[in-house]
Structure formats: C-alpha cells, structure tokens
Amino acid sequence: MLDLTDPDRAALVAMLERGEEPAVLARLTTRLAADAHDTTANLLLALIHGSRDDHDAALAHAAAALDGPRTPAPADAAMLHRVRGNILMVRRAHADALDAFEASIHARPEQPDMQVAAARCEISLNRFEAAVRRFEAALARFPDAQDVVTGYASTLFNIGRPREVVALVDRCIARFPECTELHEIRCFSRNFLDGVDPLAHREEHRALAARYEAAYPRPPFPIAPARDPKKRLRVGFISGDFAEHACAYFLQAPILSMDRRGFTPVCISTLRHQRGQDRFRAACEWLDVAEQHPDAIAHTLASANLDIAIDCAGFSGGHVLGSLVPRIAHIQLTWLGYPNTTGLSSMDGRIVDAVTDPSPAADAHATERLVRLPGCFLCYTPPTDSPPTPVRDATRPITFGSFNRTSKLGDRAIRAWARVLTAVPDARLLVKEGARSDELRERTRATFAHAGVDPARIDLSDWITDVREHLRLYERLDIGLDAFPYNGTTTTFEACWMGVPVVTLAGETHRARVGASINAALGLDDLVARDDDDFVAIATALARDRARLATLQASLRDRMRGPTAHELTGKPRALVLCDPAAYARKFEAALRALWVQACAPPRA
C-alpha cells in the first residue's frame, strides 16, 4: 500500500525493515528541518509514531503533510488519511474517522479494506443500514475481496440477521473455498436458525474442525499417562470471559468453589480485559495467552501439565480450538460457551445435562461423548449488589418481555409471541435492543407489526452496561418469553433471579433446551412448552392467573438459592440451582469419574 517508487523513500523503508530505526529517525528529522511539510518524512513518521501508539505525534505529522502547501500524491494522501482514520477509530471519534476513511477512498478508490473500515464506522455510529449499503456496494465493486465478505457477514449477524448471513456466505463461499473464517461464520450462524438438521450441523462442525486440524499440523505433545486415580488434578479452564462477561457468572462456581485438596484450577485467559478478572486471578493459577499465535498457545498449554483441559468457548469469540489439536491434556472437554459440538477429534467430552441433551437422541448430535451432570449443567452466581426482588403491582397490565439479543429470535418465536399478545390484548412487550439505534428499533417494531402486533404495544429499551441498572430493568417485566430456537441462558437466570418466571419451549437440540433445563431445576416443568400452541397457552394462562403469578414472582429467588430451595423445587439439596459449593462437588465428581476411567487398564 505504501508507494515506494521514490528511491530515497524505498531506502528508508528498507532501513526500517532491517531494524535501523534510530538512523531513519535522524535522517527524517534532517529532512523536516529543511522542509516541515516533506511528504515522505511526515508519512514515515506518522507510521512510526502510530505503531508506537503515540497518536498525537502521528496525527501531527499526517496533518503537516496533508495541510502543507503541496498536495500529496494520491497514494500518499490515501495512506495519510488511512493513518488518521485508524487512530480516530481507536479514540472512538467515529464520525471523524469516517471522514478520514472516505478521504482515503477518494484519493485512491481501489481500497476494499478502506470500504470495510468506513462501514465499521457506520456501525459504530449505529447507522446499520448505511453500513449494509456500503458493504453491498463494496461487494459489487470488489467481488474477490475476502475482507468485504467477512466484514459484511459479521455486520449482518450483529444486527440480528443470521439467515442473511448464511445466504451471503452461501453466495460467496465458492470464491473463497479456503477461507476458514467464512465457514465458521456460517456454522456459527446456523445455531440461530429454525429447521436446521442437527446431524447435518454436526457434520458441518466436524468439517470446520478438520480445517483447524489441517491448519496446525503439529507433532503430538508428550502427555503423561493417567495412572493415579486419586491424584490432585490440574484442571485448566480456557476462556476469554473471565472479566465482565455473561459467562463469568457461570465460571465462578466450578472454579472458585473447587476443592483444592483434589483439584488445582488453572485459568487460561484468551482475551485481554481491563476489569473483572481479579476474583479469578486472586484465587487461581493464571495463564494469559491473549493475542498469541495458536502454536504458541498450544505449547504454553502443553507446558502447563494439565490433566484435564476444559474449553469454555466452542466456536464463540476468543476461542483457541486450533491450539487443542493435537491434544494438550490427557482429557479435553468443552462446556458453557457454545451450544453445540466442536467437531474436534481431540475433544473427548461435552459437559451438558439430561434435559439439554436427553439420551439417547442427543448423543448423535455431538462428535464428543456427552457428560451429563445431575440437575442443570450450569450454576449462576448473581452479582453481589443485586437489587432485591421487586414487589410488582398486581393490578397493572401484564408486561411480557425478553432481553435476549434479537438474533436469537426465529420466525416461529416471533409468531408465537405475537399470538400471546393477541390472546392478552391489554399486555405489552418489552424488548431490550443491543444498540442505541433508531434503525434497529424501527426494524424490531416492523417485524412484530408484520406478525400482527400493534407497534405501539412494543416497548424497546436501549442496552444498559451498568449491571445493577440492567437487573432493575427486570422490574418492568411480569413474565419472560424465552427465545427460540436459540434459548436465552444468562437472561433466563437473571429474569428468574429478579422474580420473572420465563415460559420456554423445549426444542430438539441443546440450543433449544437450556430454558427447559433451568425451569426443570426450579421445579417449573409446567412452564416448559411442547410446541408453539402449548407455548401460547402456557403464557396466556399464567398472565390470566394473577394470584399464581404473584406467588411465583415472590418465590423465584428462593427457588434458586436458600434454605427452602429444595422444598420449593422438589429437588435434592445437592441440585439447588445457585449453590456454588454443591455445584462444584458434582462438577468435580464428573471430572474425577472421567479421570478414574482414564486410569483403568484397557480392556483385553
């Protein structure tokens, strides 16, 4: 991208590539002393200071070249505006960054990556339709630009249009058959669609995993044999979500309450965070592999002497599945962060429960062995400063609601929700959007209007980052409506914690059965629908039975945790939904059983 036709500039760049930066800086300083607007000197200094994160100096040099008495050549102007745009994006000055990227495109139109950067500015400005139009135009102009397709697919997913993601990838993937990212985007997005054949989806995961296995052909790591069934086991939890993330609410119980006499938990962080990790860092051995190459991560993990490695991401953000082939621990499991199989040949088991993955049907959906925990496969640790359960006005009109991202809402769910609102004509629906965007709000209202609901009955809340204020928003809800085919998880636990019973529909696969697992653990199997008609009937009946609804709202937190939970739910004390110590014991028992099996001599 940098114009090196000038011999002096080419020589300076060659010196930089040889590590001779001090000599280059001296020569550039001399050039600037003779001409403060020297294009080559200011351009190279802008790049050097930008690479050092010295943004003020980089912007000053870019301005000196762009605003000087001579107009830079188009290629130089394009690069200078690119530098400005990248720095302004880092500073979250998105409107100014967009101006810079557009100036770069104007100077040099043949830059597909600048079209992607400009579209991402539009997204940051919550102008999603403008981003879509820009991607479509870029795709028409640069049909062979892979970054345009992947950027477009990510944008469509983030604004809740997974079906269009799959259609886009299907339309373009023949041009990029070796692009693992596109195959992964498609495989991931199909978790959000109705009517996906679970066996075909399993094979899609297997093919995707094979790409990772082929991409990192390492020799096997030396793994110590399992001999002592009673040894203190080193258990690695591999996650990018140890900070302020929904998954952290579920990571706390098995890690922080793990019995150190039999287990040593090791937290392996795959993403860099600023806040929220302290509770894990203080309690556990900590490894930071963020931003490392998969080979480096694999060697770090293999050197950690883990007996059991637990992947907590699947194919979600920050995953390092490419570092787990060949295996880096005697036993490798996946749990929590992804509602499907990994497809990896080196992944031994997937931790689930008997409701999310009933036997024997669900066994065929995964390439791993299914390890079913008693009760629910998750334990929610609520925020310590949670608001109290509110006392709701039993005379106000019912408000149904969901705080799931709209991408989880399939067409069937929207139609079912619309039927519930028709059956309860004075009720309202509160939906929490993932962005402060008038476009997305209007799109959501239009979706429900198309399903026959007056848009005036739809209330939309912006995303709230403060956890306590987010939980207080549940005070406006009376009954939660679960998303399907991809159920809520954190949102369902939060709703119940704040006294909001959630009506769910039990589907065929794990992604569509988490709500059923949570309600089963709460002793609320009667809030689990068998089909769409049943879903509408259950939600409608609960809305009309205000006495039962009030009793449920008042007792939900006690059903989740507390001395009377087992009496309210009819479940054993060991299966109380939000008891970290009890959950850690059953989690440990599952790990120990797997280890004992590994230690047993092979059958003749």
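Computed from a prediction, not measured in an experiment: that's the story for all the values here. If you read the sequence from its start, that first residue is 1, and numbering goes on from there.
Between R272 and D288, at least one side-chain N (NZ, or NE/NH1/NH2) sits under 4.0 Å from a carboxylate O, which counts as a salt bridge. A salt bridge does not link E508 with R513: none of the charged nitrogens is closer than 4.0 Å to a carboxylate oxygen. Note on R218 versus D295: salt bridge recorded, some NZ/NE/NH1/NH2 to OD/OE distance being below 4.0 Å. R232 has no carboxylate O lying under 4.0 Å from a charged side-chain N of D307, or vice versa, which leaves the two without a salt bridge. Look at R211 and E184 and you find no salt bridge, because none of the NZ, NE, NH1 or NH2 atoms lies under 4.0 Å from a carboxylate O.
Closest approach of D357 to R350, counting heavy atoms only: OD2-NH1, 3.6 Å. Here the shortest heavy-atom pairing between T180 and Y212 reads CG2-CE1, 3.8 Å. The heavy-atom pair separating I255 from C267 by the smallest distance is CG2-SG, 3.9 Å. The two atoms that bring L12 and V24 nearest to each other are O-CG2, 3.7 Å, heavy atoms only. Listed here is the closest heavy atom pair of T150 and D147: OG1-O, 3.2 Å. Heavy atoms only, all atoms of each residue included: N519 and T504 are closest at ND2-CG2, 3.7 Å.
Between H61 and H49, the two ring planes are parallel [angle under 30°; tilted spans 30° to 60°]. Under the 30°/60° scheme for interplanar angles, the aromatic rings of F188 and F157 are found to stand perpendicular.
For the atom pair SG of C599 and CZ of R592, the computed distance is 8.5 Å after rounding to the nearest 0.5 Å. One finds the CD1 atom of I185 at 8.5 Å from the CG atom of L168 (value rounded to the nearest 0.5 Å). Within the model, atoms CD1 of I297 and CD1 of I268 stand 10.5 Å from one another, a figure rounded to the nearest 0.5 Å. To the nearest 0.5 Å, atoms OG (S316) and CG (N340) are separated by 12.0 Å. One distance of note links OH of Y486 with OG of S407; it measures 8.5 Å at 0.5 Å rounding.
Partner of T341 under the side-chain hydrogen bond (donor to acceptor under 3.5 Å, both in side chains) criterion, out of R202, E368, E203: E368 alone. Screening D353, L522, N487, V352 for a side chain to side chain contact (heavy atoms under 4.5 Å, CB included) involving S517 leaves a single residue, D353.
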Checklist entry - What do the steps show when you test C187 against H201 for side-chain contact (heavy atoms from CB on, under 4.5 Å), and what is the final call? => result CA-CA 7 Å; C187 193; H201 207 196; 4.0 Å; yes
Item to check | Pair S269-W286, side-chain hydrogen bond (donor to acceptor under 3.5 Å, both in side chains): steps then yes or no | outcome: CA-CA 8 Å; S269 180; W286 182 269; 5.3 Å; no
Next on the checklist: Could you walk me through whether Q111 and R82 satisfy the side-chain hydrogen bond (donor to acceptor under 3.5 Å, both in side chains) test, starting with their C-alpha distance in whole Å, then the side-chain angles of each, then the deciding distance to 0.1 Å, before giving a yes or no?
Outcome noted: CA-CA 10 Å; Q111 296 184 92; R82 173 190 290 263; 2.9 Å; yes
Next on the checklist: Could you walk me through whether E285 and T264 satisfy the side-chain hydrogen bond (donor to acceptor under 3.5 Å, both in side chains) test, starting with their C-alpha distance in whole Å, then the side-chain angles of each, then the deciding distance to 0.1 Å, before giving a yes or no?
Outcome noted: CA-CA 8 Å; E285 190 175 327; T264 299; over 6 Å; no
Next on the checklist: Would D259 and R261 count as a salt bridge (charged side-chain N to carboxylate O under 4.0 Å, His left out) here? Give the steps.
Outcome noted: CA-CA 5 Å; D259 186 346; R261 293 170 297 180; 2.8 Å; yes
Next on the checklist: I'd like to know whether H205 forms a side-chain hydrogen bond (donor to acceptor under 3.5 Å, both in side chains) with Y338, so could you lay out the CA-CA distance, the side-chain angles of the two residues, the decisive distance to 0.1 Å, and finally the verdict.
Outcome noted: CA-CA 12 Å; H205 281 87; Y338 188 64; 2.7 Å; yes
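Centroid-to-centroid, the aromatic rings of W335 and F250 stay 6.0 Å apart or farther.
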